[in-house]
2 protein chains.
Amino acid sequence: MPPEIAALPAPPGDYAELVRRLRAEGARLPPRLRQVAEHMLAHPEDMAFQTTAEIAARAGVQPSTLVRFAQALDYPGFSDLQQVFRNRLRRESSDHRARLAALRGEASGEGGMARTLLEGFIRASQASLETLSGRTDSALIETAAARLARAGTVYLVGARRMFPVVSYLAYAFGKLGIRAVLVDNVGGLGAEQAAMAGPGDAMIAVSFAPYTPQTVEIAREAHRSGVPVIALTDGALSPLAVECDILLEVVEADFGAFRSMAATFALAMTLSVATAEKIRADA
Amino acid sequence: MPPEIAALPAPPGDYAELVRRLRAEGARLPPRLRQVAEHMLAHPEDMAFQTTAEIAARAGVQPSTLVRFAQALDYPGFSDLQQVFRNRLRRESSDHRARLAALRGEASGEGGMARTLLEGFIRASQASLETLSGRTDSALIETAAARLARAGTVYLVGARRMFPVVSYLAYAFGKLGIRAVLVDNVGGLGAEQAAMAGPGDAMIAVSFAPYTPQTVEIAREAHRSGVPVIALTDGALSPLAVECDILLEVVEADFGAFRSMAATFALAMTLSVATAEKIRADA
DNA sequence: TGACTGTTGGAACAAACATTCCATATTGCC
DNA sequence: GGCAATATGGAATGTTTGTTCCAACAGTCA
């Protein structure tokens with residue numbers, strides 16, 4: 001027979017469980033605590049962000065009551081209860097990030113080095129796709145596609161790590177029957193290849209940190225010559241951001257020193273097919 | 001005459017404005033502050049929830065730098081900057097939830113063509129990654145990496161849709177200090193480029209249905225000359241399957257006429273880093 | 001080279017914070 | 001009605017937090 005240790009009950013681990021718990025035993029809570037529970041369910045966002053003093057004031061109780069409330073639900077303190085609300089707000093993306101961090105932490109877990117690396121790159125790709133799904137303004141893609149659809153020729157610029165993306169775009173555009181030129185810098189003639197572009201054309205420039213100077217330079221030149229430039233880049237700090245007409249932002253997760261390209265490719269695919277659709281719609 | 005009060009500029013009131021501001025003047029920020037800006041844009045959720053100490057550690061700066069960063073953007077202190085991120089998260093979480101519901105509600109299509117395409121490509125990529133995770137033999141990757149690690153030079157062969165993968169491998173191997181030659185077929189000299197390979201080297205050949213004849217031909221030639229060939233392809237029915245020493249199978253999902261490349265890239269990344277690790281272990 | 005301006009790291013600081021404690025009030029029970 | 005148990009308000013407390021300050025450093029122009 002086990003000794004009578006007060007088996008301290010586990011607090012609800014997530015928001016859904018918390019709500020279930022309150023529904024079950026919320027009725028037999030003391031008046032002030034019930035008041036807190038009601039406020040909590042009515043304003044879950046306040047619970048995530050505000051301080052004890054603020055929440056207490058809004059709920060019409062003392063800060064200490066909040067702590068007591070949390071402890072009545074078996075949390076060590078109010079902060080632990082609050083964490084549940086914060087996690088609820090950030091949803092799955094934190095899941096991915098935590099898993100990535102864990103993977104990075106273990107030197108080489110079970111399954112061997114290759115397994116660890118593979119899982120790491122897969123997680124990084126998944127996280128990137130997740131972010132792309134949540135944060136991308138599809139209207140902006142449509143705008144970009146419309147611009148590309150009107151272009152006589154689409155010039156594709158990108159180097160080093162991003163060259164795969166533009167070479168893919170060259171393939172996709174070709175297959176879709178859209179006239180495109182891959183600025184591949186063969187023979188060092190990148191600038192000359194791109195200089196063919198005029199205001200009736202368009203350019204897709206792809207560059208992520210650390211930005212290849214030549215890509216930025218070519219985009220700048222084109223932009224200043226009146227060529228519509230669509231930038232595929234990693235954010236507002238990119239030097240491409242100021243040298244473009246339409247900025248498509250992509251956030252890629254990394255694993256080790258290597259950044260995923262999954263989101264960038266998905267966006268590139270979308271952009272090319274959307275352009276083809278626009279052309280078809282116009283005709 | 002009014003006294004010379006320094007008309008203190010107003011800080012960005014919401015996230016969109018903050019991004020706009022950074023786009024305009026982010027480039028001329030001091031290095032450390034720009035580092036903060038980059039971290040901030042890459043991990044906006046961290047900015048909403050974590051404390052100065054935590055954020056600073058992740059961004060690789062001092063807590064004081066965060067305060068300085070906020071003040072550089074005309075906020076009185078870091079807390080005021082953080083408030084922008086919290087507000088964004090509050091609003092966006094309801095946005096995101098609504099969008100998800102909308103997407104679930106309507107079968108597909110009315111949410112805009114671009115959205116439909118984007119979600120489709122994202123889903124295809126995720127499915128591919130899922131499959132890769134589930135059915136890849138990591139021991140085989142280790143074997144392949146060991147083979148590559150022993151090679152004098154790695155020859156990279158792939159064309160058309162798969163050219164992005166080999167061009168990425170060329171980038172990765174270069175960055176990792178592994179001698180590699182990208183067989184890019186410039187000037188139609190692909191066969192000659194690949195003919196340099198000998199038994200002391202190795203070749204990675206990438207081809208998926210419909211297989212590019214030249215890629216298959218080059219791999220066959222190399223294999224018969226005693227060059228270790230590692231094939232990255234889509235299954236046992238591939239013509240590459242018989243002309244290689246190690247067969248790495250990848251199943252990619254497609255959306256419309258376009259197949260994802262997410263799994264192939266993840267595998268390529270794994271293979272290159274695993275090779276570098278093997279080389280390091282051998283030394 | 002040498003002053004000057006701007007940037008950075010790290011310790012010191014004061015304010016804000018969640019939490020604890022205790023006296024008081026309320027409730028339930030005999 | 002009186003006692004015990006619980007609930008509550010509000011001050012006290014020890015952390016943790018964001019912030020400030022200063023010395024050291026880097027870059028720039030004379």
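All values below come from the heavy atoms of this structure, side chains included, with hydrogens, waters and symmetry mates left out. Per chain, numbering begins at 1; letters A, B, ... match sequence-line order. Not measured: the values here are computed from a predicted model.
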Between A/F85 and A/Y15, what is the ring plane arrangement, given parallel below 30°, perpendicular above 60°, and tilted in between? perpendicular

Does a salt bridge link A/R147 with A/D201, judged by any charged N lying under 4.0 Å from a carboxylate O? no

Whole angstrom value for the distance that separates C1' of C/dT19 from CG of A/D80: 12 Å

Separation of C/dT8 C1' from B/L29 CG (nearest whole Å): 14 Å

Nearest-angstrom distance from the residue atom CZ of B/F69 to P of D/dG18: 16 Å

Could you write out each protein N or O paired with an N or O of nucleotides 12-14 of chain D at a distance under 3.5 Å?
none

The complete set of salt bridge (Lys or Arg N to Asp or Glu O under 4.0 Å) pairs with one or both residues in residues 202-216 of chain A, sequence neighbours excluded, reads none

Is there a side chain to side chain contact (heavy atoms under 4.5 Å, CB included) between A/I230 and A/M203 once you walk through the steps? CA-CA 6 Å; A/I230 292 158; A/M203 178 177 287; over 6 Å; no

Polar atom pairs (N or O), protein with nucleotides 8-11 of chain D, under 3.5 Å:
unit_1: D/dT8; atom_1: OP1; unit_2: A/R32; atom_2: N; d: 2.9
unit_1: D/dG9; atom_1: OP1; unit_2: A/R32; atom_2: NH1; d: 2.1
unit_1: D/dG9; atom_1: N7; unit_2: A/R68; atom_2: NH2; d: 3.2
unit_1: D/dG9; atom_1: O6; unit_2: A/R68; atom_2: NH1; d: 3.4
unit_1: D/dG10; atom_1: OP2; unit_2: A/Q62; atom_2: NE2; d: 2.6
unit_1: D/dG10; atom_1: O6; unit_2: A/S64; atom_2: OG; d: 3.2

Taking only side-chain nitrogens and oxygens of B/S79, does any of them come within less than 4.0 Å of OP1 or OP2 of D/dT19? yes

Would you say A/R259 has more than 12 foreign heavy atoms packed within less than 6.0 Å of its CZ? yes

Per side chain to side chain contact (heavy atoms under 4.5 Å, CB included), A/F163 is matched among A/T212, A/D184, A/T215, A/V206 by A/D184

Give the rounded distance in Å between these two atoms: CG of B/L66 and P of C/dG9. 11 Å

What is the distance, to the nearest angstrom, from the CD atom on B/Q50 to the P atom on D/dG18? 11 Å

Run the side chain to side chain contact (heavy atoms under 4.5 Å, CB included) test against A/Q35 and tell me which residues pass, sequence neighbours left out. A/R32, A/V61

Quickly work out the B/Q82 CD to C/dA16 P distance and round it to whole Å. 16 Å

Under 4.0 Å between any heavy atoms, over every strand shown, what does A/Q71 touch: base, sugar-phosphate, or nothing? Just pick one. sugar-phosphate

Partners passing salt bridge (Lys or Arg N to Asp or Glu O under 4.0 Å) against B/R280 (at least two apart in sequence or in another chain): B/E277

For B/R34 and C/dG6, give me the distance from atom CZ to atom P, rounded to whole Å. 17 Å

If I take atom CG in residue A/L81 and atom P in nucleotide C/dT19, what distance separates them, rounded to the nearest angstrom? 10 Å

Tell me, what's DNA chain D's dot-bracket, Watson-Crick or G-U with both distances under 3.5 Å, | for other-strand, [ ] crossing? ||||||||||||||||||||||||||||||

A/F49 and B/F49: side chain to side chain contact (heavy atoms under 4.5 Å, CB included), yes or no, with the steps? CA-CA 8 Å; A/F49 292 115; B/F49 290 115; 4.0 Å; yes

B/R88 with B/D14: basic N within carboxylate O range, under 4.0 Å: no

Distance only, no hydrogens: is a donor on one side chain within 3.5 Å (strictly under) of an acceptor on the other, for B/S133 and A/E119? yes

